[in-house]
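All remarks here apply to the structure that follows.
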Number of protein chains: 2
Amino acid sequence: MSEENETISLDATDLRLLDALQRDAGLSNLALAERLAVSPATCLRRTRRLESLGLIEQRLAVLNPQRLALALGHGLTAVIEVTLERQDEATLAGFETRAVAEPTVQQCYRVSPGPDFVLVTHCADMPAHLAMGQRLFTADSSVRNVKAFFSTKRSKFAPYLPLAPLGR
Amino acid sequence: MSEENETISLDATDLRLLDALQRDAGLSNLALAERLAVSPATCLRRTRRLESLGLIEQRLAVLNPQRLALALGHGLTAVIEVTLERQDEATLAGFETRAVAEPTVQQCYRVSPGPDFVLVTHCADMPAHLAMGQRLFTADSSVRNVKAFFSTKRSKFAPYLPLAPLGR
DNA sequence: GCTGAAATCACACATTA
DNA sequence: TAATGTGTGATTTCAGC
C-alpha cells in the first residue's frame, strides 16, 4: 500500500467503482466492468490502483448476528462511551492502542464533544463482556468514566461512505 | 435466502469458513479451500449454503475514510444517541424504519439501558449533517432527546463476530 | 481496448462413511 | 443417504500488444 500522503486524484469512474465495491464486493471483475460500462481490463487496473492507494482498506463478509445466534447462542453487542482522566495526546493514544488491540472491540472512534472514545464491542456472553471491561477499563487508571449500552437489535449495518461527485 | 427460523447446524468447518470470510472476503475459493484443508468443491458448497442460510449477509469493500478525504474532502462521522418520548414497540419501530431508510445512517442499534437508539452516521459536510438532523430528529415528534458526538478519528473498524467453538 | 494463455470456477459423477 | 473429492468443460483473470 502506498504510504505517502500525495494528493490522490479520482475521476468519475474511480468513484463509481468505489461505490459499487463498497456496496457489493462479491461482484466479479466482469460484472463490475459491465455495470460501469468499461472494459474488464480497465476495471481491473483501476481496482488494483485503488487498492494500492489504500482507498480500499479490506474486503469482508458481514455475518448476520441474529442468524448466527440460532447456531451459537446469542452474543453481546455493546456501545461504550469512555471518558479519560486527561485529554493529552499521550493519554488518548495510550488508551487507543489498548482498545484497538482488544479483539472484542469491533469499532473505536475518538469523538468530541462528550466522551473521549466510543467503542462498539461484541463478546460471546456476559462473563466475556465483564472480562473485557476488567482488562480495558478497570485495570487502566487513565479511565475516568465508562457508560455501556447493550444492543438489543442491530437494525442496520451499511458503512458506505458518500462519494459526493456522484450526486448521491 | 432461507427465511425459516429452523435450527441451523454448523460444524467446525463451517465456523472456520465463516471466520476466514469475515476477515478476508477477497480470497478465491481455491485459496480458501487450501486454508481450510478441504477440497474446492466442498468449500464452494459450504459457502453457498452459508449464504443461502443468510448467515453471510453481505460482502463489501471497506473504504479508508482518511485516504478518501485526501481526494474528496473530509466527511463527518457522528455517533448519535437518540431517546424517544415513549418506548412502546410502535414508536420504536416507527423511528427505526425512518432511521434505516436514511442513507447517511450507516449503523443503527436499539440499545438498553440509556438512550433508545445509537446511530453512526456519515455525511459529506456539516450542512448535510444538519439536514439529516432536521429530517430524522427535528421533524419527528416522537424524538425527545438527541446527543451527537463527532468522530475525529476512526481508530478501528473490524466487525468480526466471535465464533466460539473455534477457541478464539 | 483487444487478444490469448494460464488460472480459476462450477458442475456432473464416482466414492466413502 | 448425505456429504466429500476428482475430473471435466466453461468462464474469468490478467498479461502483452
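A note on names: the letters A, B, ... follow the listed sequences, proteins ahead of strands, and every chain is numbered from 1. Just so you know, these numbers use all the heavy atoms, side chains as well, and skip hydrogens, waters and symmetry mates.
- We find that CG of Leu44(A) is positioned 15 Å from C1' of dC2(C), with the value rounded to whole Å.
- Distance Leu27(A) CG to dC9(C) P: 16 Å, rounded to the nearest Å.
- As rounded to whole Å, 13 Å separates atom C1' of dG1(C) from atom CZ of Arg46(A).
- Of the candidates dC14(D), dC2(C), dC9(C), the closest approach to any side-chain atom of Ala41(A) belongs to dC2(C).
- Here the P atom of nucleotide dT4(D) and the CG atom of Asn29(B) are 13 Å apart, to the nearest Å.
- Atom-to-atom, CZ of Arg45(B) to P of dG5(D) comes out at 8 Å; the value is rounded to the nearest Å.
- Straight-line distance from the CG atom of Leu36(B) to the P atom of dA3(D): 18 Å, rounded to whole Å.
- Here the closest non-hydrogen pair linking Ala61(A) and Ala25(B) is N-CB, 3.5 Å.
- For the pair Glu34(B) CD and dT8(C) P, the interatomic distance rounds to 10 Å; values are reported in whole Å.
- In this structure, Arg67(B) and Leu53(A) approach most closely via the heavy-atom pair NH1-O, 2.7 Å.
- In this model, the phosphate group of dG1(C) is approached by a side-chain N or O of Thr42(A) to a distance below 4.0 Å at OP1 or OP2.
- Each of Phe137(A), Tyr109(A), Phe95(A) was compared with Phe117(A) under the ring-ring contact (aromatic ring centres under 6.0 Å, His included) criterion, and only Phe95(A) meets it.
- You'll find the ring centres of Phe150(B) and His129(B) inside the 6.0 Å limit.
- Nucleic acid contact for Arg48(A): sugar-phosphate only, since backbone atoms but no base atoms lie under 4.0 Å from a heavy atom of the residue.
- Rounded to an integer number of Å, the gap from CG of Leu30(B) to P of dA6(C) is 17 Å.
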